[in-house]
**Student:** 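Below is one structure. I have some questions about it.
Chain letters run A, B, ... following the sequence lines, proteins first and then strands; every chain starts at 1.
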Protein chains: 2
Amino acid sequence: MRLVETRDQILDAAWNLFAERGFEDVSVRDVTNTAGVNLASVSYHFGGKEGLIQETVKHCMNPINEYRIKLLNELVTMHGSVDEVPLVELVTAFMRPVVMPDECGVRSGLMLRMLARYLIESDYTIPPASRSLYTEMIQAYAKAFMVKFPGVDPLTLVKHMVFAAGSVMLYHGLGKVALQLSSGSQEDIGEIDREEMLQDVVEYTLCGFGGRRHNVD
Amino acid sequence: MRLVETRDQILDAAWNLFAERGFEDVSVRDVTNTAGVNLASVSYHFGGKEGLIQETVKHCMNPINEYRIKLLNELVTMHGSVDEVPLVELVTAFMRPVVMPDECGVRSGLMLRMLARYLIESDYTIPPASRSLYTEMIQAYAKAFMVKFPGVDPLTLVKHMVFAAGSVMLYHGLGKVALQLSSGSQEDIGEIDREEMLQDVVEYTLCGFGGRRHNVD
DNA sequence: GTCAATATTATACGACCGTATTAAAATGCG
DNA sequence: CGCATTTTAATACGGTCGTATAATATTGAC
């Protein structure tokens, strides 16, 4: 079956190029040349460039949110009920798919970058093909956090989820720069350890969610 | 003096257009038409599109970091020494310029969006014209946080600063969406109250920096 | 093997892009 | 005023873009 191959080759090339250089900066010709297929294939399979973008983002975003839901469900069944799931595991389930996208089939650390790109360039609009899943995910976690923090305003919890999602967004890119600058050294700091990063951001998020101020000063 | 007017008109138009639609998506013609000046003015005053972008970003980024440094200095002189500045005020000084850009002459809430755009599209590279100021700012705050947390690994503190900066980045855009989704309602939630947002994100950041876990479960 | 459906290719079209060139106009100074 | 400098304007150029069209090739069912 040739049809599947071509379509997937295009998506594969689009994924890498879009993530690396952005949607506007990559031409349909760039994609088809990289994929080794004909220019017109994009129109045929995706209806045009915009369709290709939507499909590419969907193939990146949906597995993340599916993985989040899966992890949450696993936690609930494992501990019997939502309110028995430790907060740290809840937060980890929420963050892990973003830091470790490979675990849900989303390759490469370019994922966050492409997602950020799309969100910003599309006026923070979740692509239609991913919206219902996103809603489901947000609501599931919101409900879980509401169980853990019965006294806290639900809106505040959602805000914290957004803060948490944002925290990790700059880490891949700016994090390296900032770390480099602050340490004063010019040499590249190299790849960031993902497990350590996950632990860091979970700890940080955990404190933010906890909502209690540390007793310094 | 006509020269200043034209240059400023271009920067003004570029600011709005770039923030709203992105750098790639806005043509030099869009800018000059909006500004009501001739197409060639951009080449003349900025050397080309790239020069215009750099200048626009600089005019948005530098005041933010200058304001951050200014607030920090004020706090130090006010309280006598760094270690006497309450942590909450330190975090507020770091966050406030980003949430309230108008206070340092950076108009409109499009600032964060344009900055995010630029950082992502430029591979998280701070523009050369803003780099030294950025470095100065990061190092000043890093030093201050090190005073407040003498036992904490400096690298961890920088990470927390990056987390904090990221937290607020999605709030303008995705925050609205998420809040809307989670509440289940379809209607637009309207403009976000900035003072409330600052308070929220400061509180959240404060907890993250505190590094102590809340005693839920 | 035939044939309709599906998939791929080659190619052309019109539109818009960023920049350079050249001329016109405005400005500042003696 | 007169003139050199700076600024604005009109326009042309080469290139690339996304898309549509038409022809060719491949597939799968009978």
**Student:** Pairing donors with acceptors under 3.5 angstrom, does anything connect the side chains of E5(A) and Q9(A)?
**Tutor:**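 No, no side-chain donor-acceptor contact under 3.5 Å.
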**Student:** Please determine whether a side-chain nitrogen of the Lys or Arg among E196(A) and K159(B) lies less than 4.0 Å from a carboxylate oxygen of the Asp or Glu.
**Tutor:** yes
**Student:** Starting at CG of N38(B) and ending at P of dT21(C), how long is that distance when rounded to a whole Å?
**Tutor:** 16 Å
**Student:** Under 3.5 Å, is there a donor on one side chain and an acceptor on the other for E195(A) and Q199(A)?
**Tutor:** no
**Student:** Taking atom P of dG18(C) as reference, at what distance in whole Å does atom CG of L17(B) sit?
**Tutor:**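 From L17(B) CG to dG18(C) P: 12 Å.
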**Student:** Can you confirm whether the side chains of N38(A) and S41(A) place a donor and an acceptor under 3.5 Å from each other?
**Tutor:**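 Note: N38(A) and S41(A) side chains miss the donor-acceptor criterion.
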**Student:** How many whole angstroms separate atom CD of E24(A) from atom P of dC17(C)?
**Tutor:**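 Going from CD in E24(A) over to P in dC17(C) covers 12 Å.
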**Student:** Using a 4.0 Å heavy-atom cut-off across all strands, classify V26(B) as base, sugar-phosphate, or nothing.
**Tutor:**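 The residue V26(B) makes sugar-phosphate contact but no base contact.
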**Student:** Take atom CG of L39(A) and atom P of dT19(D), then tell me their distance rounded to the nearest Å.
**Tutor:** 10 Å
**Student:** Using a cut-off of less than 4.0 Å, is there contact between a side-chain N or O of H45(A) and OP1 or OP2 of dT8(C)?
**Tutor:**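 It does, given that an N or O in the side chain of H45(A) lies less than 4.0 Å from OP1 or OP2 of dT8(C).
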**Student:** Grab the CD1-P distance between I53(B) and dG18(C) for me, whole Å please.
**Tutor:**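 To the nearest whole Å, that distance equals 9 Å.
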**Student:** Output the rounded distance in Å from CG (L52(A)) to C1' (dC17(D)).
**Tutor:**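 Going from CG in L52(A) over to C1' in dC17(D) covers 15 Å.
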**Student:** Report yes if a side-chain nitrogen or oxygen of T6(A) is closer than 4.0 Å to either non-bridging phosphate oxygen (OP1 or OP2) of dT8(C); otherwise report no.
**Tutor:**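 Answer is yes, contact under 4.0 Å.
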**Student:** Nearest-nucleotide wise, let me know which of R29(A) and A40(A) is further upstream toward the 5' end of DNA chain D.
**Tutor:** R29(A)
**Student:** Using whole Å, report how far CZ of F46(A) lies from P of dA20(D).
**Tutor:**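 It works out to 16 Å between those atoms.
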**Student:** Between N33(B) (CG) and dA10(D) (P), how many Å, whole number?
**Tutor:**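 Between P of dA10(D) and CG of N33(B): 12 Å.
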**Student:** Hey, is E74(A) close enough to K70(A) for a salt bridge, meaning N to O under 4.0 Å?
**Tutor:**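 Judged by the 4.0 Å cut-off on N to carboxylate O distance, E74(A) and K70(A) do form a salt bridge.
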**Student:** Should S27(A) be listed as having a side-chain N or O under 4.0 Å from OP1 or OP2 of dC17(D)?
**Tutor:** yes
**Student:** Both G47(A) and Y44(B) contact DNA chain D. Taking the nearest nucleotide for each, which residue is further toward the 5' end?
**Tutor:** Y44(B)
**Student:** Would you give me the side-chain donor-acceptor pairs under 3.5 Å for residues 55-62 of chain B, sequence neighbours excluded?
**Tutor:**
| residue | atom | partner | partner atom | Å |
| --- | --- | --- | --- | --- |
| T56(B) | OG1 | L52(B) | O | 2.6 |
| H59(B) | ND1 | E55(B) | O | 3.2 |
| N62(B) | OD1 | S130(B) | OG | 2.9 |

**Student:** Angle, rounded to 10°, between the helical axes spanning five pairs at each terminus of the helix from dG1(C)-dC30(D) to dG30(C)-dC1(D)?
**Tutor:** 20°
**Student:** When you check the gap from the basic side-chain N to the acidic O, do E136(A) and R131(A) get nearer than 4.0 Å?
**Tutor:**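 Salt bridge flag = no for R131(A) with E136(A).
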